[in-house]
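So the structure is just underneath, and the comments pick up after that.
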Amino acid sequence: MDPTITCPIQNAVQLFNKKWSILIIRDMFFGKKQFSEFKEGKDISNKVLSSLKDLEEKKIIEKRVMDTTPVTTEYHLTEAGKHLNKVLYELASFILDSNLFEEYKSPEVKESIKNQFKEALDIS
């Protein structure tokens, strides 16, 4: 590899360097849009907000302030963010197929999770 050119994998790691970034993107594919929804089921503090801001600055997501009472804020994937669907699917598939985690040993569990990801990520 040419040492004068930064490795794209290195740039990808830097793009998603915040702790919750990938999980927020996954949650958005599964329909979550609001800050409170991103926190559900996770042992996280309001630090997740820094991940949202970071993803917004990187144009992966966009923030929309809704004209409601009370005012609500939603986050949506940009076109660039939507292109991560195949990356997330392949990452999930790798984990499921690797047999590194006991909880995914059952073929039925693997198939069920893969189908959920295929549907949410719009993978054909």
Side-chain angles (χ1 to χ4, degrees):
M1 180 168 227
D2 184 342
T4 63
I5 299 175
T6 305
C7 172
I9 301 299
Q10 180 181 348
N11 284 334
V13 169
Q14 290 173 350
L15 187 61
F16 304 110
N17 64 348
K18 296 281 185 183
K19 183 174 182 179
W20 299 103
S21 295
I22 289 291
L23 295 179
I24 289 169
I25 293 167
R26 179 213 52 200
D27 286 352
M28 293 178 91
F29 275 110
F30 278 85
K32 294 183 180 183
K33 296 178 181 144
Q34 296 181 346
F35 177 69
S36 59
E37 294 174 317
F38 299 130
K39 289 178 61 175
E40 289 173 359
K42 299 178 192 76
D43 185 26
I44 57 176
S45 66
N46 289 344
K47 288 184 180 182
V48 73
L49 192 55
S50 70
S51 293
L52 289 168
K53 288 178 184 176
D54 187 56
L55 290 170
E56 187 179 3
E57 288 171 4
K58 293 173 178 171
K59 309 279 191 238
I60 302 296
I61 67 172
E62 63 183 10
K63 179 179 178 179
R64 297 181 191 166
V65 178
M66 310 307 284
D67 187 20
T68 58
T69 306
V71 172
T72 56
T73 302
E74 291 185 355
Y75 296 89
H76 296 266
L77 292 166
T78 62
E79 285 304 312
K82 290 176 185 175
H83 279 78
L84 292 168
N85 67 334
K86 292 177 184 163
V87 174
L88 290 180
Y89 180 75
E90 290 301 325
L91 186 60
S93 292
F94 168 76
I95 292 300
L96 292 168
D97 295 339
S98 69
N99 294 319
L100 295 172
F101 297 89
E102 191 65 36
E103 64 213 85
Y104 308 125
K105 296 280 185 188
S106 160
E108 294 82 16
V109 169
K110 287 180 188 182
E111 192 63 29
S112 174
I113 293 172
K114 279 189 178 186
N115 286 336
Q116 290 173 44
F117 271 85
K118 279 182 181 178
E119 183 177 330
L121 301 173
D122 195 26
I123 303 289
S124 17

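Here the structure is a predicted model, which is why all the values come from computation and not from measurement.
In this structure, D97 pairs ionically with K114, as a charged nitrogen and a carboxylate oxygen lie closer than 4.0 Å. Salt-bridge annotation for E62 and R64: present, with a side-chain N of the basic residue lying under 4.0 Å from a carboxylate O of the acidic one.
Tracing side-chain contacts under 4.5 Å through hydrophobic residues (I, L, V, M, F, W, Y), one reaches I113 starting from F94; they form part of the same cluster. Linking ILVMFWY residues whenever their side-chain heavy atoms come closer than 4.5 Å, directly or via other members, places F101 and L96 in the same cluster. In the hydrophobic clustering of ILVMFWY residues, with side-chain heavy atoms under 4.5 Å counting as a link, F16 and V13 come out apart. Put simply, V71 and L52 are part of two different groups of oily side chains (I, L, V, M, F, W, Y) that touch within less than 4.5 Å, one to the next.
To the nearest 0.5 Å, the span separating CG on L23 from NZ on K32 amounts to 10.0 Å. Rounding to the nearest 0.5 Å places CG of L55 at 5.0 Å from CD1 of I61. Here CZ of R26 is found 11.0 Å from CG of L91. Values are rounded to the nearest 0.5 Å. Put simply, CH2 on W20 and OG on S50 are 11.5 Å apart, with the number rounded to the nearest 0.5 Å. Going from atom CD1 of I22 over to atom CG of D27 covers 11.5 Å, rounded to the nearest 0.5 Å.
When the shell of 6.0 Å around CG of D67 is examined, it contains 12 or fewer heavy atoms from other residues, nucleotides or ligands. Annotation: E119, atom CD; neighbour count of heavy atoms from other residues, nucleotides and ligands within 6.0 Å does not exceed 12.
Checked by atom type and distance alone, the side chain of K105 pairs as donor or acceptor with a backbone atom of N99 at under 3.5 Å. Judged by distance alone, the side chain of Q10 and the main-chain N or O of T6 form no donor-acceptor pair under 3.5 Å. Side-chain atoms of E57 do not come within 3.5 Å of backbone N or O of D54 as any donor-acceptor pair.
In this view, N115 satisfies the side chain to side chain donor-acceptor pair (under 3.5 Å) rule with no residue, not counting sequence neighbours. Contacts of F29 classified as ring-ring contact (aromatic ring centres under 6.0 Å, His included), with partners at least two apart in sequence or in another chain: none. By the side chain to side chain donor-acceptor pair (under 3.5 Å) test, S106 is found to be paired with E108, residues two or more places apart in sequence or in another chain being considered. Qualifying ring-ring contact (aromatic ring centres under 6.0 Å, His included) partners for F30, counting only residues two or more places apart in sequence or in other chains: F117.
Residues in residues 49-80 take part in no ring-ring contact (aromatic ring centres under 6.0 Å, His included) pair, two or more places apart or across chains. Note on residues 77-92: pairs passing side-chain hydrogen bond (donor to acceptor under 3.5 Å, both in side chains), not counting sequence neighbours, are E79-K82.
Here the closest non-hydrogen pair linking S98 and I95 is OG-O, 3.0 Å. Smallest separation of non-hydrogen atoms from E103 and V109: O-CG1, 3.7 Å. Contact between K58 and N17 at its shortest, heavy atoms only, is NZ-OD1, 3.6 Å. Shown here for L84 and I60, the closest heavy-atom pair between the two residues is CD1-CG2, 4.0 Å.
Counting heavy atoms from C-beta on, the side chains of T73 and M66 never come closer than 4.5 Å.
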Check against side-chain hydrogen bond (donor to acceptor under 3.5 Å, both in side chains), S36 and E40: CA-CA 7 Å; S36 59; E40 289 173 359; 5.4 Å; no

